[in-house]
Protein chains: 2
Amino acid sequence: MARAASSDRMAAAPPPPEGTPEPPVGRKSSRSATPRTPRRARQVEAKRTAILDAALGLFSRLGLHGTTVEQIAEQAAVSKTNLFYYFASKEEVYVAVLRRLLDEWLAPLRALERDSDPARAIGEYIRRKIMFSRAHPEASRLFCLEIVRGAPLLRRELETSLKQLVDAKAEVIRAWSESGRLAPVDPRHLIFAIWATTQHYADFAAQIDALLETGLDDEAFAEEAVCNIQRIILDGLRVRSPD
Amino acid sequence: MARAASSDRMAAAPPPPEGTPEPPVGRKSSRSATPRTPRRARQVEAKRTAILDAALGLFSRLGLHGTTVEQIAEQAAVSKTNLFYYFASKEEVYVAVLRRLLDEWLAPLRALERDSDPARAIGEYIRRKIMFSRAHPEASRLFCLEIVRGAPLLRRELETSLKQLVDAKAEVIRAWSESGRLAPVDPRHLIFAIWATTQHYADFAAQIDALLETGLDDEAFAEEAVCNIQRIILDGLRVRSPD
DNA sequence: GTCTATAGGCCGATAGAC
DNA sequence: GTCTATCGGCCTATAGAC
């Protein structure tokens, strides 16, 4: 029933021109005896997922315009015609990929809680973000591409759900600063700094690889990145004068 | 053919076949009496520059594949045919744009000198980087796009001249840390952190605008960004225990 | 040098058989 | 649902007049 799920999400956030045109799922109740999740529906979902997975990899490297439908189809092991049976257009695939990732992308920020110890919570946030970049570098790059383009397809989500989340968490951080449990910073710039430093390891992986011949793939390097970013952001660089 | 050929080039080699193919300047020494910079050559240069300026704006928003030659020509106020008189292909324009920007992009890092006061030098570096992002957001975004794509056209430069520069400056930073004038950090991660935080304001401008309805265009916001990033990186967030 | 006209390829999307 | 075949449009790049 992924269909329904995605439709609901669409409703929550007005996407491209029109909503998701209902896919050609055979009327599901024609045979009254079939179970809730008919084999058919599951197969459909599996195929859609394969297509989205393939598309993510390609879009994240080549962009929307640099990727051809044929490449996606080949990567997903379906025919081009068949792909158009599941998705009405290339843009629809693109939007579906973005949507599928958005929640997961924001999960680490949601976890920032007022009651935690500030330094601990921020350190943990940094770790989670880097680990997400490590686990899903393609997702990070795809968002990067979309935003550099001016976020034509994501703008509304940014302005609504993301803004809401950021405002709430900025409030948490501001409270920490005001109660003296955290040094005074503008929470918004802090959030940007954390996003930037952590996502950098995925988005600029090619640069890091060219310079250091390593990257987040290497677990030791990832750990190094976490520690250094935590230290930089939490402790800073300035040497504390001995009293 | 155009597409296929371009794909081959892209995949095959970092810089295109030859360096900057000499523009169709009439042989400049044919008339021995003409000055060093003949009017012709200057006009040619002016037109090439107009094309590159237009291309930068478009490539940085739409990417190589999302931009059409006709858009570039229109923006530069030349005909499409005429553009092809000055540049052999769209890729050639793209590479020329990147090349033209590279030096300028790296200038702030070159300015990091061993003899400076570490905290001051780093603070100044942060300021310069943000001010560059402010003055040339399109350049920043174009580099971002190119690197996200895996830097097919810039890789060689990254591996040679950039690596050399980074190695040298990392050494400067390491010396600062070792002499106790700077807190201990891995210089490479520090450089990445500074790049990431500062370029973020240009590359993710659409996101910042969606969240805050402002951006580096606003001078006050730019100043705010500089101060906050300086504070975060130099002083950190952790509250210093009162002895 | 600059134009008009057009070649020629790639690609997104559809028709229609099975 | 999946295939083969193909259309029509867009886009890069060139030919050839002036």
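Chain naming here is simple, since letters A, B, ... match the order of the sequence lines and numbering starts at 1 in each.
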(request) Answer yes or no: side-chain N or O of A:Thr81 and base N or O of D:dT4 forming a donor-acceptor pair under 3.5 Å. (result) yes
(message) Is there a side-chain contact between A:Lys47 and the phosphate of D:dT2, meaning an N or O under 4.0 Å from OP1 or OP2?
(response) yes
(message) Does C:dG1 have its OP1 or OP2 closer than 4.0 Å to a side-chain nitrogen or oxygen of B:Asn82?
(response) no
(request) Look at the side chain of A:Tyr86 and decide which nucleotide, out of C:dA13, D:dA13, D:dG1, has an atom nearest to it. (result) D:dG1
(message) Taking CD in A:Glu138 as the centre, count heavy atoms belonging to other residues, nucleotides or ligands within less than 6.0 Å. Is the count above 12?
(response) yes
(request) Would you indicate which nucleotide in C:dC3, D:dC11, C:dG1 comes nearest to any side-chain atom of B:Thr68? (result) D:dC11
(request) Let me know the distance between CD1 of B:Ile51 and P of C:dG1, rounded to the nearest Å. (result) 13 Å
(message) Angle between ring planes, B:His189 versus A:Tyr201, binned at 30° and 60°: parallel, tilted or perpendicular?
(response) tilted
(request) Apply the side-chain contact (heavy atoms from CB on, under 4.5 Å) test between B:Phe221 and each candidate in B:Glu219, B:Glu223, B:Glu224; give the one that qualifies. (result) B:Glu224
(message) Return whichever of B:Val78 or A:Ser89 has its heavy-atom-nearest nucleotide of DNA chain C closer to the 5' end.
(response) B:Val78
(message) Applying salt bridge (charged side-chain N to carboxylate O under 4.0 Å, His left out), can you list everything that pairs with B:Lys80, at least two apart in sequence or on another chain?
(response) none
(request) When you get a sec, tell me which of C:dA13, C:dG1, D:dT12 is the closest nucleotide to the side chain of A:Lys80? (result) C:dA13
(message) Do B:Gln199 and A:His200 pair up side chain to side chain, a donor and an acceptor below 3.5 Å, judged on atom types alone?
(response) no
(message) Whole angstroms only, please: what is the CZ-C1' distance between A:Arg48 and D:dG1?
(response) 15 Å
(request) Please report, rounded to the nearest Å, how far the P atom of C:dA13 is from the NZ atom of A:Lys90. (result) 8 Å
(message) What is the distance, to the nearest angstrom, from the CD atom on B:Glu70 to the P atom on C:dT6?
(response) 16 Å
(message) I need the CZ-P distance between B:Arg40 and C:dT2, as an integer number of Å.
(response) 9 Å
(request) For B:Glu74 and D:dC11, give me the distance from atom CD to atom C1', rounded to whole Å. (result) 15 Å
(request) Specify the separation, in whole Å, of atom CD1 of B:Ile72 and atom P of D:dA13. (result) 10 Å
(request) For the side chain of B:Phe84, starting at C-beta, report the closest nucleotide among C:dC3, D:dG1, D:dT12. (result) D:dT12
(request) Using atom NE2 of B:His65 as one end and atom C1' of C:dC11 as the other, report the distance to the nearest whole Å. (result) 13 Å
